[in-house]
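Every heavy atom of this structure was used, including side-chain atoms; hydrogens, water molecules and symmetry mates were not. No experiment lies behind these values; they were computed from the predicted model shown.
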Amino acid sequence: MNSTSTPAPEPGDVLAIGAAASVQFAGDRGFRFRVTAVDKRWTYADWVWLTGYVLDRDGTAVDRREIFVQRDGLRLLYRRQR
């Protein structure tokens, strides 16, 4: 997600988290993530703290996590309809 042209992640969004978001999620450590909260506190430019759930292949939440990722490295899979 490009911080200048794509909106920031919002609760309900489902994202693909991988190496582009943070090197700690490279290779087979990537996952799908449903956002439940976006921390509004200032961080390094274009980085964001997200709280949410890791999803299995069926879309079931299997683990609650808080992750620190680069916005430009996030891939939006599903935007929650408002």
Side-chain angles (χ1 to χ4, degrees):
M1 298 173 89
N2 183 306
S3 60
T4 59
S5 63
T6 304
E10 297 179 3
D13 290 350
V14 176
L15 308 172
I17 305 296
S22 177
V23 296
Q24 66 183 319
F25 305 124
D28 64 352
R29 293 175 290 185
F31 51 90
R32 291 184 307 148
F33 189 76
R34 183 182 318 120
V35 178
T36 59
V38 179
D39 196 320
K40 300 296 182 190
R41 291 179 289 176
W42 181 87
T43 64
Y44 296 105
D46 297 320
W47 286 77
V48 62
W49 280 102
L50 301 176
T51 302
Y53 292 92
V54 175
L55 304 176
D56 67 11
R57 74 175 70 187
D58 297 321
T60 302
V62 294
D63 189 24
R64 185 175 187 277
R65 293 187 68 175
E66 185 173 63
I67 59 175
F68 188 55
V69 291
Q70 295 182 66
R71 281 183 48 188
D72 288 346
L74 300 175
R75 196 172 97 229
L76 181 65
L77 298 176
Y78 172 79
R79 169 82 56 188
R80 178 177 167 210
Q81 300 299 313
R82 308 273 183 264

*asked:* Using the ring-ring contact (aromatic ring centres under 6.0 Å, His included) criterion, which residues pair with Tyr53? Sequence neighbours excluded.
replied: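 Not a single residue meets the ring-ring contact (aromatic ring centres under 6.0 Å, His included) criterion with Tyr53.
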*Name all residues meeting the ring-ring contact (aromatic ring centres under 6.0 Å, His included) criterion together with Tyr78; count only those two or more places apart in sequence or in a different chain, and write none if there are none.*
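Residues passing ring-ring contact (aromatic ring centres under 6.0 Å, His included) with Tyr78: none at all.
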_Please find the pair of heavy atoms, one from Val35 and one from Pro9, that lie closest to each other, and give the distance._
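Shortest heavy-atom contact: CG2-CB, 4.4 Å.
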*Of all heavy-atom pairs between Arg65 and Phe33, which one has the smallest distance, and what is that distance?*
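Closest approach of Arg65 to Phe33, heavy atoms only: O-CZ, 3.8 Å.
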_Other ILVMFWY residues reachable from Val23 by side-chain steps of under 4.5 Å_ =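 Besides Val23, the cluster holds no residue at all.
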*Looking at side-chain heavy atoms only, is the closest gap between Phe31 and Asp63 below 4.5 Å?*
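Side chain of Phe31 against side chain of Asp63, heavy atoms only: no contact under 4.5 Å found.
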_Taking the side chain as everything from C-beta on, heavy atoms only, tell me whether Val48 gets closer than 4.5 Å to Asp39._
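Val48 vs Asp39: side chains apart.
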*Is a side-chain N or O of Arg32 found less than 3.5 angstrom from the main chain of Leu15, in a donor-acceptor match?*
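Not confirmed, Arg32 side chain does not pair with Leu15 backbone.
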*Donor-acceptor under 3.5 Å (Thr36 side chain, Thr51 main chain)*: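 Side chain of Thr36 to backbone of Thr51: a pair is present.
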*asked:* Using a strict threshold of under 4.0 Å (side-chain N to carboxylate O), is an ion pair present between Asp13 and Arg79?
replied: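 Yes, charged N to carboxylate O under 4.0 Å.
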In terms of hydrophobic clustering (I, L, V, M, F, W, Y; side-chain heavy atoms under 4.5 Å; direct or indirect links), are [X] and [Y] co-clustered?
X	Y	value
Leu76	Leu55	no
Val38	Leu74	yes
Phe25	Val14	no
Val62	Ile17	yes

*asked:* For the CG atom of Asp46 and the CD atom of Gln70, what is their distance to the nearest 0.5 Å?
replied: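 So the CG of Asp46 and the CD of Gln70 are separated by 8.0 Å.
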